[in-house]
Amino acid sequence: MIGKPISRVDGPEKVTGQAKYAAEFNVPDLTYGVVVSSTITKGTITRIDTTKALALEGVLEVFTHKNRPKTAWFDMSYKDQDSPPGSPFRPLHDDQVKYNGQPIALVVADTFEVARYAATLIEVDYDAEPCETDLLKHLHEARDPESGVANVFKPLPPKPRGNSAAAYANAPVSMSARYIHGMQHHNPMEMFATTVEYGRNGKLTIYDKTQGATNSQLYVTQAFNLSFDQVRVVSPYVGGGFGSGLRPQYQLFLAVMAARALKRSVRVSLTRQQMWSFGHRPATVQNIRLAADSDGKLAAVEHEAIAETSQFEDYTETVVNWTGKLYDCPNSTLSYKLKSLDMYSPLDMRAPGGVTGVHAIECAIDELAYKAGIDPLDFRFKNYSEKDWTEKDKPYSSKELRACFTQGAERFGWSNRTPEPRSMRRGHTLIGWGMATGIWDASQVPARAEAVLTVNGKLRVSSATADIGTGTYTIMTQIAAELLGMPLENVIFRLGDTDMPLAPIQGGSWTAATVGSAVKVTCEALAKKLFKLARKMPGSPLAGADFDDVFFASSHIRLRRDPSLSVSLQAIVDQNGGRAISETGTSLPNVLKQKDYSRSAHAAAFVEVEVDEDFGTVVVTRAVSAVAAGRILNPKTARSQIIGGMVWGISSALQEESIMDHRYGRYMNHNLAEYHIPVCADVRDLDVIFVEEVDDIVNPLGVKGVGEVGLVAMPAAIANAVFHATGKRIHDLPIQLDKLL
Amino acid sequence: MLTETLPVANAPDALPATQPIELTINGQKRQFRLAPWTTLLDALREYANLTGTKKGCDHGQCGACTVLIDGKRVNSCLTLAVMHEDHAITTIEGLADSATGQFHPLQQAFIDHDAFQCGYCTPGQICSAVGMLNEGKVENKADQIRELMSGNLCRCGAYPHIVDAIQEVMKKER
């Protein structure tokens with residue numbers, strides 16, 4: 001079962017509309033909350049008048065900072081599993097406005113129609129202060145970030161080594177450039193929503209849009225001083241996350257606050273415009289200087305990044321370390337700095353930091369290769385890194401990046417490329433071919449799972465993880481089915497419920513490794529338990545056998561030496577007095593095994609663009625991504641993830657950007673008509689290769705996640721292809737038509 | 001000093017009363033009491049408990065709310081429920097064969113080609129594809145399908161597989 005291209009087990013629910021997302025649990029006597037957002041960026045609310053709204057028939061209450069119920073006092077109580085260092089934002093806390101679009105009131109009514117109308121009747125006066133939101137204006141004020149727990153998974157840069165300035169000055173070939181990308185917003189198709197069901201004795205069942213039900217539960221219990229048994233969070237389906245659900249968002253807080261105050265069930269859904277009112281990929285400015293010796297070996301690497309954060313938290317990303325992982329240059333200086341601005345804290349967005357830093361370094365490498373007169377692919381072979389100097393020169397647990405380069409180049413036809421810019425044409429349009437490297441962490445963290453052989457001989461496995469479209473339901477079903485030798489249709493995997501065993505937030509491409517390992521150890525433990533019971537059955541053909549003498553197949557435990565001698569799993573349940581048999585397990589990363597290795601997934605992207613110089617338009621006509629990500633549990637769903645990442649790469653390179661009017665600190669294109677993401681017509685021929693990679697160090701399954709690595713190489717590959725087509729180095733993203741005209 | 005003013009001039013003190021309406025959804029006549037400004041999308045999701053139709057923007061920009069009205073694809077967020085008393089409304093819940101439970105060919109093809117990930121845009125994509133085929137303008141060409149399916153956003157980026165799924169169904173039906 002593992003490794004087979006099984007169709008998504010949650011497919012039937014999704015294509016029939018039966019899959020239920022957070023705003024779709026229509027519990028009895030539901031009320032509706034609509035959020036009022038601030039229209040200034042910084043200042044004080046001097047008056048907020050709710051009289052007209054409250055006078056409307058059907059309006060139950062309007063919550064503001066003036067009448068909100070008391071919640072926890074200390075900052076610590078508002079921290080979640082993905083909190084950066086600092087003081088988390090508290091909705092409706094006081095009269096201070098810290099960013100544009102900040103929630104300042106919640107109107108609750110007995111229908112959505114009335115609540116939405118009433119929200120327009122709230123009158124607000126502000127004492128506005130000047131705001132600063134433009135990173136480019138404040139680069140000289142950049143400072144070192146405050147470090148915290150978050151840096152365990154997002155390390156800050158290592159200390160410089162060698163003397164990069166001297167090496168740069170003395171080398172025969174060099175380049176320097178500044179790379180800028182603006183803000184981006186996740187914009188999953190499902191808008192953030194929470195439905196709180198107010199139960200008996202005030203017990204809350206919370207249907208939340210989140211990438212971690214346990215994270216939302218923790219947040220609610222702490223902020224509202226509730227015990228875990230009073231708060232159950234359920235999130236079986238999530239309409240996309242891309243990082244936006246890694247932290248509990250304010251609609252959760254507001255919905256819980258209203259439900260408890262009114263003792264009613266409440267749903268709060270954000271609008272698409274309000275999807276710009278929390279968390280974004282931060283605008284980042286990067287300066288790179290590279291130099292090579294005469295035979296194309298890197299002599300100096302300098303990579304500096306300056307990113308924005310909020311005034312209340314130090315959100316950080318790993319931006320420049322990737323350069324050190326990919327290029328083992330003796331003279332390297334990497335640095336990362338922050339500037340606090342009047343905006344909401346940035347938030348992990350698909351391949352956070354990776355897509356930022358790798359875009360810059362992989363464009364710079366392409367530029368240096370051209371200056372050295374070496375094919376960009378050959379240049380990468382020449383400078384191929386066998387160890388990770390950012391992690392004390394550790395070797396990689398596995399790294400089949402060479403195979404990615406070779407197989408990707410072959411599938412794409414790279415050898416047919418003529419290197420000179422503007423040398424390839426198709427009719428009126430210029431053709432460009434570019435390539436770049438991708439890299440992402442291969443992490444694993446602790447998780448728990450439960451496996452139950454039910455009374456009717458079926459296997460039910462669960463863990464409080466998430467499936468944001470990643471295929472968690474499917475791959476966990478496959479792992480469980482394989483280990484207990486059962487057909488897929490007799491195995492059900494459930495997730496997204498805090499009544500289930502603990503799992504971490506779904507992020508960092510770690511779920512397959514993390515929850516997969518938990519399912520593995522749990523199913524193995526259940527298998528042993530079942531074997532012991534089977535051996536003790538009267539007249540058991542397995543009596544006297546050891547666990548190593550048997551295997552699990554077609555819902556039976558069978559003897560290896562004679563598979564016809566077997567005990568059916570159903571018979572074991574029957575023998576157990578018709579009671580289900582269960583096992584709970586915990587998987588922990590094998591730190592002793594992992595600690596001596598740097599662990600990453602790798603990829604190479606090859607891209608063809610068509611550029612029409614009359615209009616400045618760029619179309620990615622075809623692209624190949626070759627990916628080395630350990631064992632691929634399901635090539636069908638994994639391919640979809642890589643393709644999705646490639647589409648994100650096209651988007652990041654050519655289309656998406658949240659544009660702010662810095663005079664007001666307000667987004668100008670906060671809707672899906674003006675915030676451009678690819679539509680069907682923008683996406684042509686995308687191909688994926690999974691190269692073989694065996695890794696018994698990363699985790700017991702040998703799997704590396706594929707949710708992010710497919711994105712990382714694409715923006716640079718596209719920018720490099722645009723250079724090859726036009727001869728223009730466009731350093732800033734997105735490459736829209738104004739940059740090419 | 002900035003003041004938030006009302007977006008609606010001369011806002012009424014009292015709202016118009018709800019009114020009874022009858023809609024024909026997936027072949028069934030159903031009665032509701034709705035505020036007249038209730039969108040068809042909200043009527044389906046909040047009053048008819050048919051949550052298969054998705055809200056992705058509420059502004060006609062994403063296509064997640066696509067349903068079929070008399071066989072034509074329509075963004076249900078851009079039309080009011082009261083305007084459709086005399087129409088046949090088909091949602092994702094009504095696409096499978098009601099007698100046999102057999103999936104619509106496009107539903108099966110979407111599963112077979114893994115034409116979705118999170119699944120949130122999927123009902124809209126499938127209804128839109130049904131509507132596109134009803135329009136009869138498209139030959140089985142990928143570039144044409146891409147163009148005519150570009151009113152439905154998919155943030156997961158399943159587009160290549162969506163096109164594959166539609167092409168397979170068109171091939172079989174020919």
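We name chains A, B, ... by the order of the sequence lines, and we start the count at 1 in each one. These numbers come from a predicted model, not from an experiment.
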So which part of B:Thr122 gets closer than 4.5 Å to some heavy atom of chain A, the side chain, the backbone, both or neither?
->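 Just its side chain gets close to chain A.
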Give, as side chain, backbone, both or neither, the part of B:Leu95 having an atom under 4.5 angstrom from any heavy atom of chain A.
-> neither
Please determine if [X] and [Y] form a salt bridge, counting it only when a charged side-chain N lies under 4.0 Å from a carboxylate O.
X        : Y        : answer
B:Asp143 : A:Arg684 : no
B:Glu147 : B:Lys141 : no
A:Arg8   : B:Asp114 : yes
A:Glu24  : B:Lys54  : yes

Do you know which of [options] has the most heavy-atom pairs with chain A at a distance under 4.5 angstrom?
options                      : result
B:Pro123, B:Gly63, B:Cys156  : B:Cys156
B:Ala158, B:Gly157, B:Cys118 : B:Cys118
B:Thr39, B:Ile92, B:Leu34    : B:Ile92
B:Thr38, B:Asp58, B:Thr53    : B:Thr38
B:Met149, B:Glu46, B:Arg146  : B:Arg146

[X] side chain to [Y] backbone, donor-acceptor under 3.5 Å:
X        : Y        : result
A:Arg47  : A:Asp125 : no
B:Tyr159 : A:Pro678 : yes
B:His113 : B:His161 : no

Pick one of side chain, backbone, both or neither for [X], based on which atoms fall under 4.5 Å of a heavy atom in chain B.
X        : answer
A:Arg267 : side chain
A:Ser651 : side chain
A:Leu686 : side chain
A:Pro5   : neither
A:Ala193 : neither
A:Ala19  : backbone
A:Gln274 : neither
A:Asp467 : neither
A:Gln18  : side chain

[options]: which one forms the most heavy-atom pairs within less than 4.5 Å of chain B?
options                                : answer
A:Gly240, A:Ser640, A:Gly43, A:Ser269  : A:Ser640
A:Leu30, A:Thr271, A:Asn187, A:Ile650  : A:Asn187
A:Glu113, A:Lys636, A:Met275, A:Arg272 : A:Glu113
A:Val647, A:Val679, A:Val683           : A:Val679

Do [X] and [Y] come close enough that some side-chain heavy atom pair is under 4.5 Å?
X        : Y        : answer
B:Asp42  : A:Arg116 : yes
A:Leu54  : A:Val107 : no
A:Val34  : A:Phe112 : yes
A:Met646 : A:Val688 : yes

What about the rings of A:Tyr237 and A:Tyr473, do their centers lie closer together than 6.0 Å?
-> yes
